[in-house]
Amino acid sequence: MTELPSARGAEVGRRIGVGLMYGLWKPRVLGAWRVPASGPVILAVNHSHNIDGPMVMGVAPRPTHFLIKKEAFIGPLDPFLLGIGQVKVDRDTTDRTAITRALGVLDSGGVLGIFPEGTRGEGDFASLRAGLAYFAVRSGAPIVPVAVLGSSERRGRLIKALPPLRSRVDVVFGEPFEAGDGSGRRTRKALDEATGRIQKQLAAHLENARHLTRR
């Protein structure tokens, strides 16, 4: 039986995230009240910088289990990330263990964080992988779009790989929405249609977030 990611570990991760993110930068969080207070939820986060995941973990109102590429689990980060309830995924294959763990998070009423673009890019939700639609349709969990803005605008002077210390990073949570069409179908066609619906919703949220934050 596949062991589920630790809910207690994710809460510890959230507390660490709060301390680090608010200690190093100045997050401005908008719409966090839109995240349902209980029950399964998927946070769909745009991805343009390495700190986007830790930032959302630190500012989200609930502990979050992120699907994270296995390449990040190196050295001491491997036991640390697993200890704080994160899910290791092999993007080069159908990782059934990661799928089982992610669905387990949702089945137990937890929060699953996904970068639907699959990898770091422009952070504009332009190319979505089908994984997000699969988890949303299979679990019935609502998707909350999350836009992280400002993390990749400038490089820090001390550490080039990070945004400037004490700079402002905006995190905007959108309205929850259902990805499926209500039929519960999980065919390839149904998932493709769900992916199209998701892409429109995420793109609209990102445009609204940029307008709201003037970024």
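The shortest distance between side-chain heavy atoms of Phe177 and Val144 does not fall below 4.5 Å. Contact annotation: the side chain of Val29 never approaches that of Pro61 to less than 4.5 Å [non-hydrogen atoms, C-beta and beyond]. No side-chain heavy atom of Pro145 sits less than 4.5 Å from a side-chain heavy atom of Gln201. Arg215 places a side-chain heavy atom less than 4.5 Å from the side chain of Asp170. Between His205 and Lys200, every side-chain heavy-atom pair lies at or beyond the 4.5 Å cut-off. Counting heavy atoms from C-beta on, the side chains of Glu71 and Arg91 come closer than 4.5 Å. When side chains are defined from C-beta on, Val87 does not count as touching Ile68, because their heavy atoms never get closer than 4.5 Å. Within the 4.5 Å cutoff, no side-chain heavy atoms of Arg166 are placed close to those of Leu24.
Phe80 and Phe73 have their aromatic ring centers separated by at least 6.0 angstrom.
None of Val105, Leu106, Val41 except one satisfies the side chain to side chain contact (heavy atoms under 4.5 Å, CB included) rule with Ser139; the exception is Leu106.
Counting non-hydrogen atoms of neighbouring residues, nucleotides and ligands closer than 6.0 angstrom, the CD atom of Glu175 exceeds 12 such neighbours. The local environment of CZ in Arg15 is sparse, with at most 12 non-hydrogen atoms from other residues, nucleotides or ligands closer than 6.0 Å. Within a 6.0 Å sphere centred on CZ of Arg96, heavy atoms belonging to other residues, nucleotides or ligands number 12 at most.
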| Evaluation steps, side-chain contact (heavy atoms from CB on, under 4.5 Å), between Leu43 and Val56 | CA-CA 9 Å; Leu43 301 183; Val56 172; 4.0 Å; yes
| task | Just do the side-chain contact (heavy atoms from CB on, under 4.5 Å) check on Val148 and Val169 with the steps written out, would you? | result | CA-CA 7 Å; Val148 182; Val169 178; 3.8 Å; yes
| query | Are Val45 and Val171 close enough, and set up right, to give a side-chain contact (heavy atoms from CB on, under 4.5 Å), and what steps lead you there? | reply | CA-CA 10 Å; Val45 186; Val171 184; over 6 Å; no
| said: With side-chain contact (heavy atoms from CB on, under 4.5 Å) as the criterion, how do Leu20 and Trp25 come out once you've worked through the C-alpha distance, each side chain's angles and the decisive distance to 0.1 Å? | reply: CA-CA 8 Å; Leu20 280 176; Trp25 293 285; 6.0 Å; no
| query | What's the verdict on salt bridge (charged side-chain N to carboxylate O under 4.0 Å, His left out) for Arg14 and Glu11, showing C-alpha distance, side-chain angles and the deciding distance? | reply | CA-CA 5 Å; Arg14 190 179 80 85; Glu11 173 58 32; 3.4 Å; yes
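Rounded to the nearest 0.5 angstrom, Arg197 CZ and Asp181 CG are separated by 5.0 Å. Residue Leu132 holds its CG atom at 6.5 Å from CG of Leu202, rounded to the nearest 0.5 Å. If you take CG on Asp107 and CZ on Arg101, they are separated by 15.0 Å, rounding to the nearest 0.5 Å. Note that the CD atom of Gln86 and the NE2 atom of His65 stand 7.5 Å from one another [nearest 0.5 Å]. The CG atom of Leu112 sits 4.5 Å away from atom CD1 of Ile114, with the distance rounded to the nearest 0.5 Å. How far CG of Asp92 is from NZ of Lys70: 6.0 Å, rounded to the nearest 0.5 Å.
Linking Ile, Leu, Val, Met, Phe, Trp and Tyr whenever their side-chain heavy atoms come within less than 4.5 Å leaves Leu30 and Leu149 in two separate clusters. Both Ile16 and Phe66 are assigned to one and the same hydrophobic cluster, defined by single-linkage of ILVMFWY side chains at heavy-atom distances under 4.5 Å. No continuous path of ILVMFWY side-chain contacts below 4.5 Å connects Leu212 to Met55, so the two sit in separate hydrophobic clusters. One hydrophobic cluster, built from ILVMFWY side chains closer than 4.5 Å, holds both Tyr134 and Ile143. Under the 4.5 Å side-chain contact rule for hydrophobic residues, Val172 and Val59 do not share a cluster.
Here the closest heavy-atom approach between residue Ser48 and residue Ser151 is recorded as OG-OG, 3.7 Å. Shown here for Pro27 and Tyr22, the closest heavy-atom pair between the two residues is CD-CD2, 3.7 Å. The shortest heavy-atom contact between Asp78 and Lys88 is OD1-NZ, 3.0 Å. For the residue pair Arg62 and Val35, the shortest heavy atom distance occurs at CD-CG1, 4.3 Å. When all heavy atoms of Glu178 and Pro142 are compared, the closest pair comes out as OE2-CB, 4.0 Å. Here the shortest heavy-atom pairing between Val137 and Ala194 reads CG2-CB, 3.9 Å.
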